[in-house]
There are 2 protein chains.
Amino acid sequence: MKQEVESMLKSKEINPTVNRMLVLDYLLELKSSISLTDLELSLESFDRVTLYRTLKTFEERGLVHKIEDGMGITKFAICQDSCKAGMHHDLHVHFYCHNCKQTFCLPKTQIPEVKLPENYQRQEMELIVKGICSACAK
Amino acid sequence: MKQEVESMLKSKEINPTVNRMLVLDYLLELKSSISLTDLELSLESFDRVTLYRTLKTFEERGLVHKIEDGMGITKFAICQDSCKAGMHHDLHVHFYCHNCKQTFCLPKTQIPEVKLPENYQRQEMELIVKGICSACAK
DNA sequence: ATAAAAATTGCAATACAGTTGCATGCTGTT
DNA sequence: AACAGCATGCAACTGTATTGCAATTTTTAT
């Protein structure tokens with residue numbers, strides 16, 4: 001497992017330090033996305049700034065993507081399916097749970113072209129669905 | 001004009017103070033949405049906190065809605081068409097311009113049901129389209 | 001019209017996410 | 001071992017959001 005994490009980092013040209021391997025490992029296990037603050041609480045062994053810079057590096061190298069959760073909080077998640085398909089900067093569909101405050105990446109959904117006013121140029125889209133997740137619905 | 005602004009406030013059960021009338025008047029003229037900071041810069045006569053509370057009151061009474069612009073900044077805009085149709089808390093489509101950083105409310109667009117995982121409950125949706133607005137495209 | 005009550009406003013202060021600079025420490029190389 | 005280069009931690013700063021409280025304005029009841 002450690003090997004896998006290490007080679008993932010290397011393949012993105014990121015030095016596999018202890019910190020980075022821990023963070024990546026944690027993110028891989030994670031089923032939703034996470035904010036810097038929550039990451040700090042989960043991995044207390046490292047300084048907030050270090051984690052901040054780790055996430056920033058990961059994002060720059062295309063290992064994770066940044067999510068605005070629709071409530072003003074920035075979260076990070078491992079790039080999945082759609083990202084791998086080269087959609088990294090195109091379309092994101094996320095689900096925000098009002099109860100547990102978690103943000104989940106939803107499987108890619110077809111969204112029709114949005115009719116823009118004259119001369120508007122579309123570059124990216126973000127769709128945030130808010131509600132209650134299955135775990136909280138029980 | 002002042003009469004109109006005043007009666008708008010009264011109809012929402014908001015005391016029509018000088019501050020509130022100025023803010024509402026300003027928002028009515030506005031073609032896009034505005035952040036607290038930008039409002040503060042535009043209406044220097046009032047304290048930031050007062051404007052903050054004014055916007056909060058307006059939002060609570062359904063006069064404006066809050067927008068996460070997709071870049072982590074909260075903005076406010078007068079509720080338009082779709083809001084009036086009782087959609088206030090249902091679906092918002094906004095356009096964020098990477099160049100001028102403005103966020104525009106887009107005319108209501110049909111968005112199909114997003115397929116949610118088992119047992120997820122949808123309450124609201126927010127669609128942010130990012131790109132270049134017509135004014136900046138020139 | 002006036003006084004009391006209630007609501008609004010301004011100032012100060014706090015909370016917190018995000019960010020940067022710099023000194024220290026670790027890693028790998030010659 | 002000495003050096004270069006990157007990584008990390010600490011302190012500090014920015015900017016937005018938010019609250020408490022005292023002062024002021026507005027409303028309400030006489």
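In the text below, chain A, chain B and the rest are named by the order of the sequence lines, each starting its count at 1.
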Query - Minimum side-chain heavy-atom gap B:Val23-B:Asn19 below 4.5 Å - result: yes
Requested in this report: Apply side chain to side chain donor-acceptor pair (under 3.5 Å) to A:Thr103 and A:Lys75, showing your working.
Outcome: CA-CA 8 Å; A:Thr103 303; A:Lys75 294 178 178 172; 2.9 Å; yes
Query raised in the report: Quick one: A:Met71 CE to C:dA17 P, roughly how many Å, whole number?
Result: 15 Å
**Report entry** Nucleic acid contacts - residues 34-41 of chain B versus DNA chain D, non-hydrogen atoms under 4.0 Å
**Finding:** B:Leu36, B:Thr37
Report summary line: When rounded to whole Å, the CZ to C1' distance for the pair A:Arg48 and D:dA12 reads 14 Å
Query - Sub-6.0 Å ring centroid separation between B:Tyr96 and B:His98 - result: yes
Query raised in the report: Hey, would you say the B:Phe76 and B:Phe58 ring centroids sit under 6.0 Å apart?
Result: no
Query - Side-chain heavy atoms of B:Leu9 within contact of B:Asn15, under 4.5 Å - result: no
Requested in this report: Begin from the C-alpha positions of B:Leu39 and B:Leu55 and carry the test side-chain contact (heavy atoms from CB on, under 4.5 Å) through to its verdict.
Outcome: CA-CA 10 Å; B:Leu39 185 64; B:Leu55 290 173; 3.8 Å; yes
Requested in this report: Examine distances only and state if a side-chain atom of A:Arg20 and a backbone atom of A:Thr54 form a donor-acceptor pair shorter than 3.5 Å.
Outcome: no
Query raised in the report: Side chains of A:Leu28 and A:Met8: does their closest heavy-atom pair fall under 4.5 Å?
Result: yes
Query raised in the report: Can you tell me how far P of C:dG18 sits from CG of A:Asp47, to the nearest Å?
Result: 15 Å
Report task. Return the value, rounded to whole Å, for the distance between atom CD of B:Glu68 and atom P of C:dA17. Result -> 15 Å
Query - Note, B:Val129 side chain near B:His94 side chain (heavy atom, < 4.5 Å) - result: no
Query raised in the report: Tell me, do B:Val49 and B:Arg53 make a side-chain contact under 4.5 Å, heavy atoms counted?
Result: yes
Query - A:Leu24 CG to D:dA7 C1', straight-line distance once rounded to whole Å - result: 17 Å
Report task. Measure from the side-chain N and O atoms of A:Lys130 to the backbone N and O of B:Glu126, and report whether any donor-acceptor pair falls under 3.5 Å. Result -> no
Report summary line: B:Ile73 atom CD1 is separated from D:dA17 atom C1', nearest whole Å, by 13 Å
Report summary line: Per the under-4.0 Å heavy-atom filter, residues of residues 50-57 of chain B near DNA chain C come out as B:Thr50, B:Arg53
Query raised in the report: Of all the nucleotides listed (D:dT8, C:dC11, D:dT16), which has the minimum atom distance to the side chain of A:Phe46?
Result: D:dT8
Requested in this report: Pull out every residue in residues 8-21 of chain A that has a heavy atom closer than 4.0 Å to any atom of DNA chain C, ordered by number, or say none.
Outcome: none
